[in-house]
Structures are given as C-alpha cells and as structure tokens.
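Chain identifiers are assigned alphabetically (A, B, ...) following the order of the sequence lines, protein sequences preceding nucleic acid strands; residue numbering begins at 1 within each chain.
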2 protein chains.
Amino acid sequence: MNLKILIADDHQMVSDGLAALIDAQSGMSVIGCATNGVDALAKAKQLRPDVVVMDVSMPEMNGIEATQEIHNRLPTIRIIMLSMHSSPEYIHRALQAGAMGYILKRSAGKEVVKAIEQVTAGKHFFSEAVAEIVVEQSLHRPAGVDAVSLLSARERQVLQLLAESHSIVRIAELLSLSPKTIETYRARIYEKLALRDLPQLVRFALKHGLTSLD
Amino acid sequence: MNLKILIADDHQMVSDGLAALIDAQSGMSVIGCATNGVDALAKAKQLRPDVVVMDVSMPEMNGIEATQEIHNRLPTIRIIMLSMHSSPEYIHRALQAGAMGYILKRSAGKEVVKAIEQVTAGKHFFSEAVAEIVVEQSLHRPAGVDAVSLLSARERQVLQLLAESHSIVRIAELLSLSPKTIETYRARIYEKLALRDLPQLVRFALKHGLTSLD
DNA sequence: GATGATGTAAGGAAATCTACTACATAAAAA
DNA sequence: TTTTTATGTAGTAGATTTCCTTACATCATC
C-alpha cells in the first residue's frame, strides 16, 4: 500500500521540505501541496489523499477551518495538524475539527512519518508536549467555553479576514456575499466578543491564533 | 566538490525537511542542524560548513545576530537567511550582518538549492520579492534606519494610540489637538510605513513593540 | 411548534476616511 | 546664507464605512 499524502502549508519552502522527507520514505508519497485552506479543500476533493498534513496558520482560510471542512465533506481522509505552538486552544479546536494528529514544527522530521503511519491505522498521534496537554484537557475541562468557540464558522472566517486587513467589500467578494451580510457578521462578532473596534479585533485574532503577525 | 551545509532553524521539522531536500541533491550534503543562534555559532565553529542556511527568527540569539557573529569569526562561511516575511527591515539588517542570500519560506524548495549554488560561487541570491526590495533600498534608503525611527515623536505617539484602539477623536482630545491634525499624522504614518489600514498598523505596532497584546 | 442560533440582506443616519491644500517653524542641506 | 525638507498644526469636501435596526428563512432543539 502506498499512502497518498497532501501537504498544506503557506510556506512552500516548508512544504517542499516535508515532501522531500516523506518521499524519501517507502510506503508513502506526496501527491500535492496546497498553500492555503481553500486550496487544501479543493485539492483534497480532487486528489483524494489518504492523509493531509496541514499547517494551522494559513491565510484566507486557516488550517483548522479547512480541517473542519475536509472532515465534514470527506470523512475518510485523516488529517494531521502541524503547528508552531502547543497552545491548548489550538489543540482543542483542531481535535474538535476532526484532526487525528497534532505535531509541532519544533519536533523531529521523522515525527511526521510516524504520525502518518499512526493516523492511517486509525490511531491518534501527538507530539509529546501536545499529548500532555490533550490529557490535561480531557481531565478538567468544563466544556470549552473559550471565546472563539462562541463564534459560528462564518463568524470566525470573517474575523480572520478582518484581522488580515481585508475590507468589508473585499470579504464580501471573497465569500460571494453582500457587504451588508459581512457587516452583520462583524456586528455579531463585536457583540459576542465584546469588542468595539478593529484594533481590538486584530488583537483578539492574534491572541487566539486565528491569524499571525507578518 | 561536496558542499557541506549547516541548517539553523528552531523548528526541527523544518530543518529536517530542508535537510531531506538538500541531501536529495548531488554535490551538497547537510552536516548538521542547529536550533538557535548560539547553537548555530557553535556548530559553525566545530563543523566548518561551506554554507549556513539560517532562519531569521530563532529563540535566544536570532538569526541575524548569529549571522553577524559567524561572519565576523569565520568570514569564509557563506550565509543564506531564510525568512517568513519580506520585511525591508530584516532584509537590510541581514545583509548588513553579512548574509549572502535571503530567501522566503513561501518560495519553492528548489530556491534553497539555487541559493546554495549561487552563494558558493560568491554571488548574492535573493527570492524575487526580496530582490525588488533590495534594489529599492539601495536606491532611496538613508542607511540602516529601522522603520520606527522614520517617524517623528508625535507620529509614534499617534501610532501607539491608534494601535491601542483609540479613535481619532479620542486621540485629539488626549493630545489637545484637532482631529484633523491626528488624521494628518495617521496619513503620514501610513505613508512612511507603507501601511494601508488599521489592522496592518496594529500588526506593525505589535511587531515593533510599540504596544503589546493584552 | 415555539425558541434560539445562524446565514443572509437592506435602509438610513452618523461618523470616519481619503485626498488635497495650507502655513509656520525648525532643521538640514546646498 | 539661502533653499529645501521635515514637522506640527488644521481645514474643506466628497467618498466610504460604520452603526443600529429590522427582516426573514432555515435548522436544530426543547
């Protein structure tokens, strides 16, 4: 069996590196790379990989949203999240979205290979530091009421786009919706998160990893 | 001739990927990896690589500082910077520190191979987007001023207040000036820093420590 | 089958932004 | 020492955006 892998990372240098790493392994090969969430979803549909290795932070549609989408639409595809941070929040949301693995960029390259093997066998796989957090979370977590989870998927998406400097009109275009609709989402976001303006919204998005500096 | 390469990146996953990529190439091989600037300097001294591929942002000692050190102590070693962003500031500082190449993580994996070949031949190498900035800088750049220092004191003050969610009107009150004056400052800030909107401004302020999250 | 959350959208008044222009002063360059 | 440039200050006016409110259909859920 030769596993088909799709890589999604906005830094092509990183994807190409991972691809080299994976292709050097027998039993698996990279069949495609995506550079953002939308692209990842499209390529997943088109290429039907066995496993997607997906970066958490990407422009347009972030890795967690993309995971959610892929998981909903193509539930047989296993998804491994790749992240710079071991923030409990990310991890929680990633798992909620349907990720089977969560590995850190700071860990060894072989981890990704191990992770692919594990999730293919239907098992979860986490980097060590992540595993601890997962356990801890499952212990004393009073049903995740982190602020982000108050938002609907659409609202999260709009939040991210707003934080990434897209204007209301531009977002409306990107999502093929009326600007007025986007305004409604923004109003709901402000309301739910008790924010008052764009700077606060940007800070919120950064704090909660919906977007990153640079 | 078999080029000896040292990789420095705090994300081992990324280093390992790059290593796989480079090792798949004939004529060059990775002889070591470092995970921070101090480590990079030590390994450079010990292993005497021909080329160091160094991430800009690393903990402890960042890539630019490490480049400076290595360049001073071991001037025959060629250094290629690897970065997520094409910020003119970083680029400038990297070159000043002695880097011979500057490539973006978003560019293709093969770029790193090309870069290694070029710098080994004593030539500079830049990703396309970077090259433009380098040219532009050499044209109209009053040597090594970081972006923040382009601003006047008033402008910095207004930048900070804007990033902290204060409205134009509120800032005018705080500073006992006309709102219109504040707008002028903002326009000048946008102009000088090549920003377009508030989210970008907030990011800039955060990056340059003019304000902090929370 | 009411209730609430969500996705979608509009109207209209108020506020803000954009793009110029203006001018005085201080600093720097020619 | 002129001349130029940067800075602090402020205005006009049209274009845009925001704010607040209302509306409605759908879907889940109680």
Side-chain angles (χ1 to χ4, degrees), chain A residues 38 61 65 68-69 72-73 93 96-97 143-202 204-205 210, chain B residues 139-202 204-205 210:
Chain A
V38 178
M61 178 193 269
E65 280 166 345
Q68 184 92 64
E69 290 295 320
N72 286 344
R73 289 206 190 10
R93 296 226 310 281
Q96 206 100 55
V145 280
D146 70 311
V148 180
S149 69
L150 292 174
L151 301 179
S152 72
R154 262 295 198 236
E155 287 159 357
R156 262 196 300 282
Q157 195 177 15
V158 169
L159 169 56
Q160 189 188 346
L161 291 166
L162 283 169
E164 282 169 359
S165 272
H166 298 290
S167 71
I168 291 285
V169 172
R170 175 106 180 75
I171 295 172
E173 281 165 6
L174 284 173
L175 304 183
S176 303
L177 291 173
S178 155
K180 281 300 186 182
T181 303
I182 310 301
E183 284 186 21
T184 300
Y185 292 144
R186 182 186 46 190
R188 286 182 186 161
I189 292 165
Y190 280 172
E191 157 108 52
K192 287 185 179 177
L193 305 181
L195 304 175
R196 268 146 253 98
D197 48 42
L198 265 180
Q200 290 190 352
L201 182 148
V202 173
F204 179 92
L210 289 162
Chain B
L139 289 179
H140 52 297
R141 178 116 189 173
V145 282
D146 73 308
V148 180
S149 70
L150 289 174
L151 302 179
S152 69
R154 262 298 196 231
E155 285 159 358
R156 259 198 301 283
Q157 193 177 16
V158 169
L159 167 56
Q160 188 186 340
L161 291 166
L162 284 169
E164 282 168 358
S165 272
H166 298 291
S167 72
I168 291 287
V169 172
R170 176 107 180 75
I171 295 172
E173 280 165 6
L174 284 172
L175 305 183
S176 303
L177 292 172
S178 155
K180 282 302 178 184
T181 302
I182 310 301
E183 286 188 348
T184 299
Y185 292 145
R186 182 187 45 192
R188 286 182 187 161
I189 292 166
Y190 280 171
E191 156 108 53
K192 287 185 179 176
L193 305 181
L195 305 174
R196 270 145 254 97
D197 48 42
L198 265 180
Q200 290 190 351
L201 182 149
V202 173
F204 179 93
L210 289 162

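As judged by a 4.0 angstrom heavy-atom cut-off over every strand, B/Ser178 is placed among residues touching the sugar-phosphate backbone only.
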Q: Using a 4.0 Å heavy-atom cut-off, write out nucleotides 12-26 of chain D from 5' to 3' as B (base contacted by protein), S (sugar-phosphate only) or - (no contact).
A: BB---SBB-------

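Rounding to whole angstrom units, CZ of residue A/Arg154 and C1' of D/dC27 are separated by 16 Å. Rounded to an integer number of Å, the gap from A/Leu177 CG to C/dG7 P is 10 Å. Rounded to a whole Å, the CG atom of B/Leu175 is 11 Å from the P atom of D/dA10. Per the geometry, CG belonging to A/Leu151 stands 14 Å off C1' belonging to C/dG7, to the nearest Å. For the pair B/Glu191 CD and C/dA19 C1', the interatomic distance rounds to 12 Å; values are reported in whole Å. Going from atom CZ of B/Arg170 over to atom C1' of C/dC17 covers 20 Å, rounded to whole Å. Between the CD1 atom of B/Ile189 and the C1' atom of C/dT18 there is a distance of 15 Å, given to the nearest Å.
Here the closest heavy-atom approach between residue B/Arg154 and residue B/Tyr185 is recorded as CG-OH, 4.0 Å. When all heavy atoms of B/Tyr190 and B/Leu198 are compared, the pair lying nearest together is OH-N, 3.5 Å. Contact detail for A/Gln160 and A/Glu65: the closest heavy-atom pair is OE1-OE1, 3.5 Å.
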Contacts table for residues 172-179 of chain A: side-chain donor-acceptor under 3.5 angstrom, sequence neighbours left out:
unit_1: A/Ser178; atom_1: OG; unit_2: A/Lys180; atom_2: N; d: 3.0

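Taking side-chain N and O atoms only, A/Tyr185 has no distance below 4.0 Å to OP1 or OP2 of C/dG7. In this structure, B/Thr181 does not reach the D/dT9 phosphate: none of its side-chain N or O atoms is under 4.0 Å from OP1 or OP2.
The CD1 atom of A/Ile189 lies 8.5 Å from the CG atom of A/Leu195; values are rounded to the nearest 0.5 Å. We find the CG-CG distance between B/Leu162 and A/Asp197 to be 10.5 Å, quoted to the nearest 0.5 Å.
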